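Please read the structure below before turning to the comments.
Only a predicted model underlies this, so the values are computations on that prediction, with no experimental measurement involved. Chain letters run A, B, ... following the sequence lines, proteins first and then strands; every chain starts at 1.
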Amino acid sequence: MGLLSDPNRRRALTNLLTRLNAPICVVCYLAGVMWFMGLAFEPFTLRTYMSENAMGSTMVEEHFPAGERALATGREFAAHKKKVGGMPVNWLVKTMESRGLEVFTQSFTRKLPFPDENKERYLVRGTNVYGILRAPRASRTEALVLTAPCSQGNANNQAVGLLLGLAQYFRSQVYWAKDIIFLVNEHDLIGMQAWLEGYHHTNTTGGDWSPLHGRGGSIQASLSLELSSDVITSLDLVLEGLNGQLPNLDLANLFHAFCQKIGVLCTIQGKLQRNDWESTSGYSHSAQTMMLMVLKQASGRPWGDHGLFLRYHIEAATIRGINSFRQYKTDTTTIGRLLEGMYRKLNNLLERLHQSYFFYLMPSLTRFVSIGYYMPAFGLLAVILLLRVSFHLSDRRGLGVGLTRYPGVLSILTPVVISHMTGVALYCLPVMSQEMAVQHFPVSETEAVVLTAIAIYTAGLALPHNTHRYTLPLVLKLVALLYLAVLLGCTALINFSLGFILALSLVPIAAFITPHTHKPLSAAIMVLLSPGCTLLYCVLIFQELQETPVSLQDGWMLFLSVISQGILDHSLYGSLVYPLLALLIYPCWLLLWNILFWK
Amino acid sequence: MAAFRSNIFMLAFFLCGFSVFVTGDFQEELVIKPLHSGDIYASFQFRTQWDTDFLLGISHYRLFPKSLGQVISKFSVRELHISFTQGYWRTMQWGQPFLPSPPGAELWVWFQDTVTDVDLAWKELTNVLSGIFCASLNFIDSTNTVQPSASFKPLGVGNVTDQRFLRYAVLPREIVCTENLTPWKKLLPCGSKAGLAVLMKSEKLFHSSFHSQALHIRPVCKDWQCKSTSWELRQTLNVVFDLHTSGQGKREWSLFKMFSRTLTEACPLASSSKVYVDITDNPQGELFELSPATPLVSQAVVLGDGRTYSVYDLTDHATFGQTHSLNVLLRWRAAEREMLRPLLHGERYVAGYGLQTGEIHTLVYNNHPYRAFPVLLLDTVPWYLRLYIHTLTVTSKGRDNKPSYIHYQPSKDRLQPHLLEMLIQLPPNSVTEVTVQFERALLKWTEYTPDPNHGFYVGSSVISALVPSVVAMDTNNTQERPLFSSFFPCKEESTYFMRIYTEPLLVNLPTPDFSMPYNVICLTCTVVAVGYGSLYNLLTRTFQVEEPSQGLAKRLANIIRRLRGVPLLT
């Protein structure tokens with residue numbers, strides 16, 4: 001601090017920052033990107049380890065024998081499902097009761113704001129069935145949950161079969177210290193949302209569900225099972241939940257430890273672990289895995305049925321069975337043993353999972369990057385905004401106008417308010433005006449919503465150019481820079497991936513936009529780096545990383561469906577990405593757009 | 001000879017007088033109740049009665065345990081009820097227990113009105129009991145002790161009902177195991193050497209779904225005129241065995257399978273020793289088969305319902321038959337496992353998410369088709385859940401249900417818990433929901449338990465009610481009745497007293513990350529010292545370029561001036 005308290009040195013530092021501002025910013029940006037890409041490089045990451053003492057040293061044995069019987073139950077379930085044409089509630093209740101569980105049902109109704117074309121549903125009615133295995137001599141204070149979805153078609157029958165098989169096996173064991181809730185949920189996430197809201201008696205999204213009658217106290221952990229074939233080649237672990245929340249890393253460690261012990265291939269993001277980190281392909285493999293995780297986390301949507309549990313501070317993950325063309329197959333008994341082992345260890349927990357990390361990225365299942373390592377990447381990007389602020393404050397020639405002719409803060413209110421009004425319109429109008437759009441244009445409701453959103457988004461570009469006659473671009477730019485810095489900083493704290501991706505595209509334009517640049521070129525760059533286009537790139541990159549590349553045409557269709565899904569996720573589960581983009585990020589970008597067109 | 005005879009006479013007289021002086025009575029019984037779920041409920045009751053006055057200071061004890069007698073006389077206890085329970089009684093599967101108890105340890109004591117410092121007596125008493133029962137009762141302090149105004153009336157004779165002499169505390173986290181069972185068994189006159197107590201092998205008793213042991217001391221009427229009182233000590237032990245884990249799935253129960261022992265004799269000190277098996281639902285033997293058959297059948301009114309029992313009298317040698325042992329065997333024939341609809345049923349849970357606020361929901365079910373009845377709800381909530389009492393709502397059938405009596409005692413931080421008592425009328429066939437919001441307090445860092453992320457327990461709510469009875473209750477309290485049907489005094493024919501407990505709650509409080517306190521302390525100190533200090537400096541000081549340095553002569557002069565203590569030259 002001696003540096004700053006000495007006026008001479010202070011001046012020298014200011015001069016340096018002013019003179020070399022642009023190069024420093026460029027260096028920071030590049031360093032940020034490099035740092036981020038370096039996170040996937042194995043020597044820079046940490047090996048995962050079990051932090052929780054209660055799960056680490058205690059040995060458990062797995063004896064689950066009844067995989068074949070579970071598959072038979074699964075087939076019976078499939079037959080009843082087909083007969084009823086949905087959830088076979090009565091059969092499930094009877095089967096669970098015969099296995100010695102306390103069985104309860106919950107019915108729910110949900111009307112979507114507009115039809116979901118991906119899953120073809122609009123008015124959703126369903127029933128959740130759950131059975132509680134009461135732990136002997138326990139006082140109903142703690143519970144574990146195992147869920148399997150009752151999906152449409154032939155999917156996940158084996159998961160329900162295995163769930164019932166495990167219920168029967170678990171019931172005859174004496175060592176349970178926590179109640180175990182076996183839940184079969186209908187209509188995947190909508191059913192899960194209804195059940196969780198019923199269990200915790202909340203109502204965040206205005207659903208309609210019947211109250212629950214049986215409870216098991218506070219839920220400590222939960223696993224969702226997705227299994228659609230009798231044998232599998234590998235198990236995939238899905239961690240990303242609502243709003244980019246992740247379960248405690250120990251849950252992933254637990255899964256990995258048991259896969260190792262029992263000898264099941266396990267993957268994350270569908271990618272196997274590789275050992276050749278020295279080679280380029282090895283590095284690019286882990287970089288791809290990490291990028292997939294970043295993109296999924298940034299999307300803010302639950303990537304499995306477990307995703308909604310995280311809001312209630314319940315550590316949860318989805319385990320998905322994958323059957324590919326590999327030779328080595330794993331049967332249901334082995335998966336049952338794996339789950340048995342995991343539940344026995346979770347049962348041994350004395351406290352909630354809290355010892356390990358909650359903020360992390362995983363370049364592979366055995367490696368992780370903790371918050372302390374990835375935050376500098378974002379910090380390097382965010383510091384550019386602050387550098388630019390200090391630059392503009394110290395170098396008043398920057399925008400040609402000095403602060404001496406300061407016209408008052410109120411004068412910038414007009415563009416700020418107009419941008420935010422556009423944001424509010426973008427947030428509200430698509431869903432509100434769908435009926436009108438359907439009447440006047442030959443489109444479906446979903447298309448109407450998405451196209452309205454795009455139309456408002458584009459219209460926003462043309463709106464407010466001449467309204468800020470009396471404003472100084474410098475003041476406006478300072479406000480926009482600080483606003484963006486606060487926005488991105490807060491976003492990155494909650495959901496690093498989203499914050500980082502937005503910073504990647506928004507920081508360059510925020511840093512270098514002035515009214516004096518070459519207008520058409522700058523405008524083109526700004527549009528290409530706008531939040532909407534960023535979303536499009538993310539969709540394309542995501543498809544590329546998943547090894548299912550799409551053409552631009554399909555990519556566009558996918559882009560449209562992603563927008564509709566984002567709006568649906570917001571209204572159904574309370575995902576915050578859509579409101580964040582529409583109400584805050586987009587208006588902020590519009591402010592920058594205003595600066596560009598300042599006359 | 002005459003002298004000898006007179007000596008004999010004297011001796012006989014002395015013995016008689018002595019036996020009159022220490023007269024006492026001991027009864028033991030075991031009730032076995034097959035439950036609808038296929039599980040089996042075994043309830044032991046041992047009653048010792050003694051016509052004496054402990055307050056006079058007695059030194060000779062026969063049947064009554066001396067350790068408890070001394071406690072009564074030293075602390076002037078009028079009534080003492082203590083229970084240790086591991087597990088939660090599942091009303092929906094098992095119906096009502098004979099004696100309810102909440103998970104963990106529960107202790108309530110009425111002191112004599114001669115006690116001046118009740119809090120001190122209570123404090124010492126809990127410590128003494130903690131030693132007697134090897135339990136953590138010494139953790140009972142003012143933060144979990146309350147004085148309920150209406151829910152816990154004395155069960156024995158007496159007319160003092162001033163709540164100043166009552167103390168009630170629950171430790172929901174108390175674990176009950178063999179070390180609590182052993183001292184409890186030692187209080188029995190025959191120990192676990194003879195009589196029904198031989199069945200109490202801890203490895204079997206704790207291999208069950210529910211285990212509860214309790215002890216009740218109270219003054220009761222000596223005879224029907226009730227001119228004088230005697231002391232009653234009841235020891236009860238309730239256990240439920242699970243069909244799936246203990247029964248190996250076979251629908252068959254026997255004493256040997258349950259306790260890995262059979263009965264061979266009654267306790268020689270017992271005046272009555274009986275085994276009852278509930279056969280009410282099984283008049284023709286269509287539900288289960290009972291062997292050996294017994295001709296003795298007894299009727300009793302239990303929990304508002306007339307029940308029929310097969311009775312095995314252990315004082316009768318014929319009961320043991322040829323093998324000299326009694327192994328009651330029960331083989332199920334039919335299976336039914338629909339859930340019960342008990343007349344009164346309670347549930348409780350915490351609603352909401354996040355670590356700032358929450359809401360406690362208590363549901364009370366009245367499943368009676370046409371009778372409304374009032375219940376007393378008692379809630380004790382620790383101080384670190386700050387109840388917003390203005391958010392208290394009571395609704396039945398969608399309508400506001402105003403409690404006719406509310407006794408609320410707010411908490412004091414670190415001193416006393418919230419106490420909320422309400423008298424609520426339950427409409428017939430309804431669910432009454434009581435909700436109250438709370439805020440989670442941030443504790444001081446030394447106040448957290450060693451496992452703060454496990455959560456903090458809130459004890460069960462207590463629901464006490466006079467429930468409409470199906471058959472006429474027996475109001476004549478002096479008549480000889482089986483022990484299990486005679487605990488709660490009955491004053492009216494049409495209703496019976498019942499108490500149920502809801503589940504305890506486990507609530508997470510905002511918890512600092514204790515795994516790295518050192519890091520936290522270091523980081524905080526660094527940030528404060530470096531960041532704040534220098535920023536403050538920068539903001540408050542003005543900076544000026546220093547003048548060129550002074551000449552040598554001036555500096556020397558200044559040094560001298562400083563030594564002399566006079567103002568310096570500038």
Beyond-backbone contact of [X] with [Y], side-chain heavy atoms, under 4.5 angstrom:
X         : Y         : answer
Ser208(B) : Arg137(A) : yes
Arg134(A) : Gln93(B)  : no
Glu102(A) : Met92(B)  : no

Please check if atom [atom1] in [X] has more than 12 non-hydrogen atoms from other residues, nucleotides or ligands closer than 6.0 Å.
X         : atom1 : result
Glu203(B) : CD    : yes
Lys94(A)  : NZ    : no
Arg69(A)  : CZ    : no
Tyr373(A) : OH    : no
Asn90(A)  : CG    : no

For Tyr349(B), is the NZ or CZ atom of Arg215(A) found under 6.0 angstrom from the centre of its six-membered ring and inside 45 degrees of the ring axis? yes
Cation-pi check, Arg311(A) to Tyr353(B): give yes when NZ or CZ is under 6.0 Å from the six-membered ring centre and within 45° of the ring axis, no otherwise. yes
Residues of residues 451-461 of chain B under 4.5 Å from chain A (heavy atom pairs)? Asp451(B), Pro452(B), Asn453(B), His454(B), Tyr457(B)
Are Arg171(A) and Asp242(B) ion-paired here, with the side-chain N under 4.0 Å from a carboxylate O? yes
Within this structure, what is the OG1-NE2 distance for the pair Thr435(B) and His201(A), rounded to the nearest 0.5 Å?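 If we round to the nearest 0.5 Å, Thr435(B):OG1 and His201(A):NE2 are 8.0 Å apart.
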Let me confirm one number: the CZ-CG distance from Arg352(A) to Asn508(B), rounded to the nearest 0.5 Å.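 These two atoms lie 4.0 Å from each other.
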At a heavy-atom separation under 4.5 Å, does Tyr175(A) approach chain B through its side chain, its backbone, both, or neither?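 It is neither, since no heavy atom gets under 4.5 Å.
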Between Ser139(A) and chain B, with a heavy-atom cut-off of 4.5 Å, which part of the residue counts as in contact: side chain, backbone, both or neither?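 When you check distances to chain B, atoms from both the backbone and side chain of Ser139(A) fall under 4.5 Å.
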If you tally heavy-atom pairs under 4.5 Å between each of Gly104(B), Gly352(B), Gly358(B), Pro103(B) and chain A, the highest tally belongs to Gly352(B)
For the interface with chain A, which of Phe206(B), Tyr88(B), Phe210(B) has the highest count of heavy-atom pairs at distances below 4.5 Å? Tyr88(B)
For [X], which atoms come within 4.5 Å of any heavy atom of chain A: side chain, backbone, both, or neither?
X         : value
Gln86(B)  : both
Arg90(B)  : both
Tyr365(B) : side chain

Under 4.5 Å, heavy atom to heavy atom, which residues of residues 205-213 of chain A contact chain B? His213(A)
Worked check of side-chain contact (heavy atoms from CB on, under 4.5 Å) between Thr141(A) and Glu503(B): CA-CA 8 Å; Thr141(A) 48; Glu503(B) 47 274 75; over 6 Å; no
Between Ser218(A), Ala138(A), Ala135(A), Ser51(A), which has the largest tally of heavy atom pairs under 4.5 Å with chain B? Ala138(A)
